[in-house]
Amino acid sequence: MNNFDIFDGTSTPEWSLFKTNFDFTAIKNGWNQEQTLQMLISKLSGKALKFYERRPNTIQKDYEALCKLFEDRFDWVGYSYLSLKHLENIAPYPGELIEEFKHRIEELVEGTFPNKSKKDQEQLVIENFINACCCDEEERELVKKSCWMFS
């Protein structure tokens, strides 16, 4: 699979290019769906592997559903304007655990603002989490005061 051997979620190729090449290799080698899934998992590292490991077991075993989530999460890596827009409009996925949502925001903040200090990044995570989850200013202030999950 040459340049597309491993997908780490942070560098080129972005997901769609990696998956196109991966699917071609799967067809060429005659892998069945289970083999394709296992080979995909073996090609994940870094943030992409962590993202996979945080998915529910049912998603981890469903190649199509897993690929759709990877497309939603990683197909824009490296495009800071798109990352920023995604961050501004972020919302929890249906059934997504609050901790997973927090991790998704953290990854977006790290990718969108790599040159900011860790403290500034943490503040951006809190602000974006609160904006995504709270409807009005009163709720936002209440969550800011507690910030139990960010300590």
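Counting begins at 1 with the first residue of the sequence. Remember, predicted model here, so these are calculated numbers, not experimental data.
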Exercise. State plainly whether one hydrophobic cluster holds both Ile105 and Leu97, where clusters connect Ile, Leu, Val, Met, Phe, Trp and Tyr through side-chain heavy atoms under 4.5 angstrom apart.
Key: no

Quiz item: How are the rings of Phe18 and Phe7 set to each other: parallel, tilted or perpendicular (split at 30° and 60°)?
Solution: tilted

Quiz item: Side chains of Gln38 and Ile41: closer than 4.5 Å at any heavy-atom pair?
Solution: yes

Quiz item: In this structure, are over 12 heavy atoms from other groups packed under 6.0 Å from Tyr93 atom OH?
Solution: yes

Quiz item: Rounded to the nearest 0.5 Å, what separation is found between the CG atom of Leu49 and the CZ atom of Arg54?
Solution: 10.0 Å

Quiz prompt | Donor-acceptor pair, side chain of Arg55 and main chain of Lys61, under 3.5 angstrom | solution = no

Practice problem: Report the distance from atom NZ of Lys68 to atom CH2 of Trp15, rounding to the nearest 0.5 Å. | Solution: 12.0 Å

Quiz item: Should Asn21 and Leu17 count as side-chain neighbours, where that means a heavy-atom distance under 4.5 Å?
Solution: no

Quiz item: At their closest point, which heavy atom of Gly9 faces which heavy atom of Ala48, and how far apart are they?
Solution: N-CB, 3.8 Å

Quiz item: Going by an N to O cut-off under 4.0 Å, is there a salt bridge joining Glu110 and Lys47?
Solution: yes

Quiz prompt | Glu107 side chain vs Arg104 backbone, donor-acceptor pair below 3.5 Å | solution = no

Quiz item: Nearest 0.5 Å, what's the CZ-CD distance between Phe101 and Glu96?
Solution: 6.5 Å

Practice problem: Establish whether Leu37 and Phe24 are linked, either directly or via other cluster members, by ILVMFWY side-chain heavy-atom contacts under 4.5 Å. | Solution: no

Quiz item: Would you say the side-chain atoms of Glu71 pair up with the backbone N or O of Ser16, donor to acceptor, closer than 3.5 Å?
Solution: no

Exercise. For Lys116, check side chain to side chain contact (heavy atoms under 4.5 Å, CB included) against everything at least two apart and list the hits.
Key: Phe113, Asp120, Gln121, Leu124

Quiz item: Quick one: CD1 on Ile126 to CG on Asn131, what's the gap to the nearest 0.5 Å?
Solution: 12.0 Å

Exercise. Kindly indicate whether the side chain of Phe70, heavy atoms from C-beta on, has any atom under 4.5 Å from the side chain of Leu44.
Key: yes

Quiz prompt | Electrostatic pair Lys102:Glu106 at N-O distance under 4.0 angstrom | solution = yes

Quiz item: Under the side chain to side chain contact (heavy atoms under 4.5 Å, CB included) test, which residues partner Ala26, sequence neighbours left out?
Solution: Trp31, Thr36

Quiz item: Checking Asn29 side chain against Thr25 main chain: does a donor-acceptor pair fall under 3.5 Å?
Solution: yes

Quiz item: Roughly how far apart are Gln123 CD and Asn128 CG, rounded to 0.5 Å?
Solution: 10.0 Å

Quiz item: Is there side-chain contact between Leu40 and Leu66, with at least one heavy-atom pair below 4.5 Å?
Solution: yes

